[in-house]
Amino acid sequence: MEWNFQAAEDLAAALRAGEVSSVELADEAIARIERDDKAINAICVPDFDRARAAAHGADLARARGEDRPLLGIPVTVKESYNVAGLPTTWGMPAHRSYMPAEDAVQVSRLRAAGAVVLGKTNVPLGLQDIQSFNEIHGTTNNPWDHGRTPGGSSGGSAAALASGFGALSIGSDLAGSLRTPAHFCGVYAHKPTLGLAANRGMVPPSEPALPIDLDLAVVGPMARTARDLTLLLDVMAGPDPLTLGVAHDLTLPPARHERLCDFRVLVLEEHPLISTGSAVRAGVNRVADALVDGGARVERRSPLLPDLTEAAMLYMQLLVSGSVARFPVESHERLRTRAAGLSADDRSLDAVRLRGMVFSHRDWMEADNRREVHRHGWRQLFAEFDVVVCPITPTPAFPHDHSPNPLERWIDIDGVEYPYFDQLVWAGLATMPGLPATAVPAGRSPEGLPVGVQLIGPMFEDRTPLRLAELLEQKIGGFHSPR
């Protein structure tokens, strides 16, 4: 039997039943990577010798009667996580040889749960692209079409899962970096509620791995099934043992409902600032039809929905102001000059991003206050609805575009070009207020490319969109191998 595309929970059951050993799973996964990854380039830092040793240790542990959540399961880790003994570069040539001394907290949790780490997966330069390519490790290709991107910045992880390189992976999400690759590669991902999973050690190379509360950014699970997302989230969730973990234990509330017919769902397919491509629109509607067919209450609009235009602008302001905060002073002054030259009535997202790059602390505080107003609006909406279904990006995976300045790139949506980074507005819908969002497969485009949607849920009620993802997987299907 080939195990490479089996769900993690099925592998765990087979390991418990003695149908396969962890060493066999690791050897089969490594053989597949060595055979197929030359064309995909998802695994940028293999760690096969230690993986085989860990698999042998997992088999010995099971023989002693141990049974941990991921005992003997082969997994991968996004390159941006610190793994002791492996380089962490974030794709930045200046840090090519940086080697952290200890594992990131999430890598430690994987190991404690018994997982077998096969290696690290590719990312874009500095994690700042919707693709996954860099000078050190090259370009990762979409397993469905090698001329297209798998997404970013967790593109290597999504491509690895779609290719059968391990059963699970961990990534991160600031601008859709979990959800977009899942959508492009036809797998599952979950962006947890902001602060739910500790992020220490998912840090730029050579910076200290401190227990810092990040704004907007989260770490989270990726998998080939919805149930596997929950399995891995339960390993990842919880505060950092150096901070809140000293005094707090985590207890996530159960999903609001167990049956599809009990869910109340708001479905969105249109955004005021960007068109939704026909392939993605079809995916959203396929999910909506499945919900209706399953007896769920489905609405297409609500006066409770926070303003999408202001939400996108706030997201862009918070995103870019944090991203450029460490730019050299001379770069900041150049940006200030460019921003001052903008027309007062220029309200484009490009203008919003440029102004956000030179935010003062007062400006940021005002945006943060507006974010709290939006959070309260979402609380009111989630008193009437359980989940919001909407796109992740406006299109399926697009062709590789390595033009040096991403601000000069364009995204083609059914023949109309939009600024490249405008496609982030849908990802930002959940990111700006810190809401959980689960990316689920929703069919194929006419060209055969995967299409996904996101299920946005109430803050700290991560199990609600995850449960709906399971029910939708049963209703319309989920992951299919590109082969």
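Everything numeric here is computed off the predicted structure, so don't read it as measured data.
Side chain of D412 to backbone of E417: no donor-acceptor contact under 3.5 angstrom is found. For the pair D228 (side chain) and E9 (backbone), a donor-acceptor distance under 3.5 Å is present. In terms of modelled atom types and a separation under 3.5 Å, the side chain of S348 and the main chain of A351 share a donor-acceptor contact. Checking side-chain atoms of N141 against main-chain N and O of T149 turns up no donor-acceptor pair under 3.5 Å. Between the R297 side chain and the D262 main chain, no donor and acceptor come within less than 3.5 Å of each other. Within the 3.5 Å criterion, the main-chain N or O of V218 finds no donor-acceptor partner in the side chain of N199. Side chain of Q106 to backbone of I170: no donor-acceptor contact under 3.5 angstrom is found. Of the possible donor and acceptor atoms, one in the side chain of S169 sits under 3.5 Å from a partner among the backbone N and O of T76. Panel note: side chain R256, backbone V387; no donor-acceptor pair is recorded below 3.5 Å. Under a 3.5 Å cut-off, the side chain of E470 and the backbone N or O of E258 do not form any donor-acceptor pair.
For CG of D307, the number of neighbouring non-hydrogen atoms (other residues, nucleotides, ligands) closer than 6.0 Å is greater than 12. Crowding of R300 atom CZ: a count of heavy atoms from other residues, nucleotides or ligands under 6.0 Å exceeding 12. Counted within 6.0 Å of CZ on R259, heavy atoms from surrounding residues, nucleotides or ligands total 12 or fewer; the atom is thus considered open. In the displayed structure, R35 atom CZ is contacted under 6.0 Å by more than 12 heavy atoms of other residues, nucleotides or ligands. Within a 6.0 Å sphere centred on CZ of R227, other residues, nucleotides and ligands contribute 12 heavy atoms or fewer. Enclosure of atom CD in E135 is not indicated, since only 12 or fewer non-hydrogen atoms of other residues, nucleotides or ligands lie within 6.0 angstrom.
Residue L381 comes nearest to V388 through the heavy atom pair CD2-CG2, 3.8 Å, listed as atom of the first residue, atom of the second, then distance.
Under 3.5 Å, the side chains of D129 and Y420 contain a donor-acceptor pair of N or O atoms. For the residue pair T438 and K191, no side-chain donor N or O sits within less than 3.5 Å of a side-chain acceptor on the partner. For the residue pair D386 and T464, no side-chain donor N or O sits within less than 3.5 Å of a side-chain acceptor on the partner. When only modelled atom types and interatomic distance are considered, N122 and N134 share a side-chain donor-acceptor pair under 3.5 Å. Using a 3.5 Å distance cut-off with no hydrogens or angles, the side chains of R179 and T431 do pair a donor with an acceptor.
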T193 vs D462, side chain to side chain donor-acceptor pair (under 3.5 Å): CA-CA, chis, key distance, verdict: CA-CA 7 Å; T193 298; D462 293 56; 2.7 Å; yes

Assess the residue pair T89 and E79 against the criterion (side chain to side chain donor-acceptor pair (under 3.5 Å)); give the C-alpha distance rounded to whole Å, side-chain angles, the decisive distance to 0.1 Å, and a yes or no. CA-CA 7 Å; T89 69; E79 199 271 358; 2.7 Å; yes

Should H95 and W90 be marked as a ring pair (Phe, Tyr, Trp, His ring centres under 6.0 Å) after you check the CA-CA gap, both sets of side-chain angles, and the distance that decides it? CA-CA 8 Å; H95 300 290; W90 288 40; 9.7 Å; no

Begin with the C-alpha distance, continue with both residues' side-chain angles, and end with the deciding distance and a verdict on side chain to side chain donor-acceptor pair (under 3.5 Å) for S132 and T140. CA-CA 6 Å; S132 292; T140 299; 5.4 Å; no

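In this structure the side chain of H400 reaches within 4.5 angstrom of the side chain of T139, judged on heavy atoms. For the pair V267/E299, no side-chain contact is recorded, criterion being any heavy-atom separation below 4.5 Å from C-beta on. Counting heavy atoms from C-beta outward, Y188 and L161 have side chains that stay 4.5 Å or more apart. Residues H374 and E310 form a side-chain contact, since some pair of their non-hydrogen atoms from C-beta on lies under 4.5 Å apart. Within the 4.5 Å cutoff, no side-chain heavy atoms of P419 are placed close to those of L349.
With salt bridges taken as basic N to acidic carboxylate O contacts below 4.0 Å, none links R370 and E366. A salt bridge is defined here as a Lys NZ or Arg NE, NH1 or NH2 lying under 4.0 Å from an Asp or Glu carboxylate O, and D173 with K78 fails to meet this definition. By the 4.0 Å N-to-carboxylate-O rule, R281 lies close enough to E270 to be salt-bridged with it. The pair K475-E473 does not meet the salt-bridge criterion, since no charged nitrogen lies less than 4.0 angstrom from a carboxylate oxygen. A salt bridge is defined here as a Lys NZ or Arg NE, NH1 or NH2 lying under 4.0 Å from an Asp or Glu carboxylate O, and D215 with R371 meets this definition.
Under the 30°/60° scheme for interplanar angles, the aromatic rings of F263 and H257 are found to stand perpendicular.
The ring-ring contact (aromatic ring centres under 6.0 Å, His included) contacts involving residues 132-187 comprise F133-H402, F184-F398, where partners must be two or more places apart or lie in separate chains.
Every residue two or more places apart in sequence or in another chain was checked for a salt bridge (charged side-chain N to carboxylate O under 4.0 Å, His left out) with D289, and none qualifies.
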